[in-house]
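Quick note on labels: first sequence line is chain A, next is B, and so on, each numbered from 1. Side-chain atoms are counted along with the backbone in the values below, which use heavy atoms only and exclude waters and symmetry mates.
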There are 2 protein chains.
Amino acid sequence: MTRYNSRSPARAPAPTFSPLYRQIKDFLIRSLESGEWGPGDAIPSEGELAQRFNVSQGTVRKAIDEMAAENMLVRRQGKGTFVATHDDPRSFYRFLRLVPDDGRTAQAVSEPFSCESIPAAPDVAAALELPAGSLVLLVKRLLRFNGEVVVFDQIYLVPELFDGLTLDRLRGGERSLYSLFESDFGVRMIRAEERLRAVGADEESAARLGVAVGEALLLVERTAYTYGNRPVEWRRGLYCTHHHYYRNELG
Amino acid sequence: MTRYNSRSPARAPAPTFSPLYRQIKDFLIRSLESGEWGPGDAIPSEGELAQRFNVSQGTVRKAIDEMAAENMLVRRQGKGTFVATHDDPRSFYRFLRLVPDDGRTAQAVSEPFSCESIPAAPDVAAALELPAGSLVLLVKRLLRFNGEVVVFDQIYLVPELFDGLTLDRLRGGERSLYSLFESDFGVRMIRAEERLRAVGADEESAARLGVAVGEALLLVERTAYTYGNRPVEWRRGLYCTHHHYYRNELG
DNA sequence: GAGTGGTCTAGACCACCAC
DNA sequence: TGGTGGTCTAGACCACTCG
C-alpha cells in the first residue's frame, strides 16, 4: 500500500496523495460496492484488516470510524463491525423523517398500487443522470401511519438496477422499500438529499390523501444515492401534515 | 483526573464511570459555557491540554475531534483550534436551510420590525421550559433573499438571557441574529430541532409575504439550544417556497 | 477463555502556517 | 524557525459477547 508521504520521481504525472487510512477506506468502500460483503454481514476484524494491509490497527480504526459515522458500517462492541442494512427494525424507515404529533411510535405501512415503465420527464432524467427521454420505472404508493394515509409517493427508479420489478414483488407489507431493494436487487441506499416545499393539493393527491383540492401539502423531492454518489432513485412525496410533522436536526 | 478504570471501594455510592476523553470533553464544554474562551478565540493547543490534564495527546485529540464534529470547535491545521462562532462569513446563517431554486448564493437580509415582551403561550413556555405564563421576548422580522421577502419569523426568547434587547439593537443588516446574540448577549446557539408542516397562509402572514390568504406556506418551528441542551429560543417561521426550497441531507 | 471493539500511551514524523 | 494540527505506529489493557 502506498505510503502517505511517498513521493513520485520528479516529472512523473501528478499522483494523488492521500493518507493511508483514506486509501483503506476507499478500498473498503470498493469492496462493499462489489458485494464482497453483503448487508448485515460482519467485515473482517480490525486486527485482521491491519495485518492484511500491513498497517497498524489504529489506522484501520480511523478508516472504519469514518465509515461508521457515514452509516456505511455499524460497530458492535464485542461482536464485530457489520455492513449497514435497511433490513433491521432499528433502521426500517431510516430516511423517513415524518413523526406523529403525539409521540407514539407509529408503524409505517407501505401500500404500492402501481408500477410501470415510462419515459423520464426532463427533471427526473436530470436527477437520475440519465439521457433525456430514457425509460424509468415509476412506482406509486401510499404510506399509512396507524391506518391513516399520510404520504403519497411517486418513485422513479433507474431501470437497469431494478430489472424484473413488479407490483407483486413490492407488496411486502411492513418492510421498507429500501430494505426490499437491498435484499432483492442488491441496491443499497447510502444517503439522500431532499428538497421541501409547501404546495396546494392537485386533484390526484387530494383524492389519494383524502383532503380538499388546494389544501396545503408538504412536497418532498428526494434523490437517493448508492455507493460512489450514484443517484438511483428520485421520488416526489406529498405529505399530509395535519397530524404529523417532518422532523429535522440542525447541528 | 479520574482514571477510566478506577473503581470505588465496595459499597461506595455508585460513581459515574466515563472514559478519560469524555471527561476532558465535558471539562472543555464547561469551560466554553463559563466563557473562559469566547467565540472565535483559540483554545490551548493539544499538547498543552495534554500536559494540563496529564494525559497523552491522543486522548485530548479524541475529545476535541468529537467537539469539532458537533460544531462546537473548529480545527485549522497549522493554526490551532478555535471556538465556533456564528459571526463568520462561512457560517452566517448556519441554521437556515432555505435555498433559491436557481443555485445563486443569495445573501439573506434580516428586517426586524417588532420587539416586545409578552406572556408566553403554553406551547412556547413548554418549548422554552419556562413556567406557564412567564414573560418572553417576541421579535418579528422578515427575511429577504435578493430583495424578495421569503420568510416571516416570530421569534420567542428567554428573557433573562436577552436583557435590554430592543428593536434598534436588532437592526444590524446582514449579520445573522445568532451572530448578534453571540456578540451582544454571550448566548451561543449550538444546535436546533425543527418541525416542518405545510399550512395555509393566515391574513397576517399573507400580507407580510405578499401572497394570497390560504396559499400553501412552509411552517418551520424551531427550538434552539445552547450548551447543556438548554432551550433559549423558539421560533415559528413561515417560508414562501415559490422560488426557494428547504434543503436537507439524509445520512 | 477467546475474540471483538474501545481506550490510552509515548513517541515519531509530516503538512501547514506565521513570523 | 518554531508551533500547530494531522498521520501513523506498536503495544498495553479494558469492556463486551458468546460459546
Check each residue of residues 68-78 of chain B for a non-hydrogen atom within less than 4.0 Å of any atom in DNA chain C, then write out the ones that pass by number, or none. B/Gln77, B/Gly78
The correct set of residues in residues 35-50 of chain A placing a heavy atom under 4.0 Å from DNA chain C is A/Ser45, A/Glu46
For [X] and [N], what is the distance between atoms [atom1] and [atom2] respectively, to the nearest whole Å?
X       : N      : atom1 : atom2 : value
B/Gln57 : D/dT4  : CD    : P     : 10 Å
A/Tyr21 : C/dA15 : OH    : P     : 14 Å
B/Met67 : D/dG5  : CE    : C1'   : 16 Å
A/Phe53 : D/dA10 : CZ    : C1'   : 19 Å
B/Lys62 : C/dG6  : NZ    : C1'   : 7 Å
B/Asp65 : C/dT7  : CG    : C1'   : 14 Å
A/Leu20 : C/dC14 : CG    : P     : 14 Å
A/Lys79 : C/dG6  : NZ    : P     : 13 Å

[X] and [Y]: side-chain donor and acceptor closer than 3.5 Å?
X        : Y        : result
A/Asn248 : B/Tyr246 : yes
A/Glu46  : A/Thr81  : no
B/Ser18  : B/Arg22  : no

Do [X] and [Y] sit within salt-bridge range, that is, some charged N less than 4.0 Å from a carboxylate O?
X        : Y        : answer
B/Lys62  : B/Glu66  : no
B/Arg169 : B/Asp184 : yes
B/Asp88  : B/Arg94  : no

Show me the donor-acceptor pairs within less than 3.5 Å that the side chains of residues 222-233 of chain B make with the rest of the protein, sequence neighbours left out.
residue  : atom : partner  : partner atom : Å
B/Arg222 : NE   : B/Glu194 : OE2          : 2.8
B/Arg222 : NH1  : B/Tyr178 : OH           : 3.0
B/Arg222 : NH2  : B/Phe95  : O            : 3.1
B/Arg222 : NH2  : B/Glu194 : OE2          : 3.1
B/Thr226 : OG1  : B/Arg188 : O            : 2.7
B/Tyr227 : OH   : B/Arg188 : NH1          : 3.0
B/Asn229 : OD1  : B/Arg191 : NH1          : 2.6
B/Glu233 : OE1  : B/Tyr178 : OH           : 2.5
B/Glu233 : OE1  : B/Arg235 : NE           : 3.2
B/Glu233 : OE2  : B/Tyr178 : OH           : 3.4
B/Glu233 : OE2  : B/Arg235 : NH2          : 3.0

[X] side-chain N/O to [N] phosphate OP1/OP2 under 4.0 Å:
X       : N     : value
A/Arg61 : C/dG6 : yes
A/Thr81 : C/dG5 : yes
A/Thr59 : D/dT7 : no

D/dC14: pairing nucleotide in any strand, Watson-Crick or G-U under 3.5 angstrom: C/dG5
Shortest non-hydrogen pair, A/Leu128 vs A/Tyr156, comes out as CD1-O, 4.2 Å
Using the ring of each side chain (for Trp, its six-membered ring), is A/Phe162 parallel, tilted or perpendicular to A/Phe185, with breaks at 30° and 60°? tilted
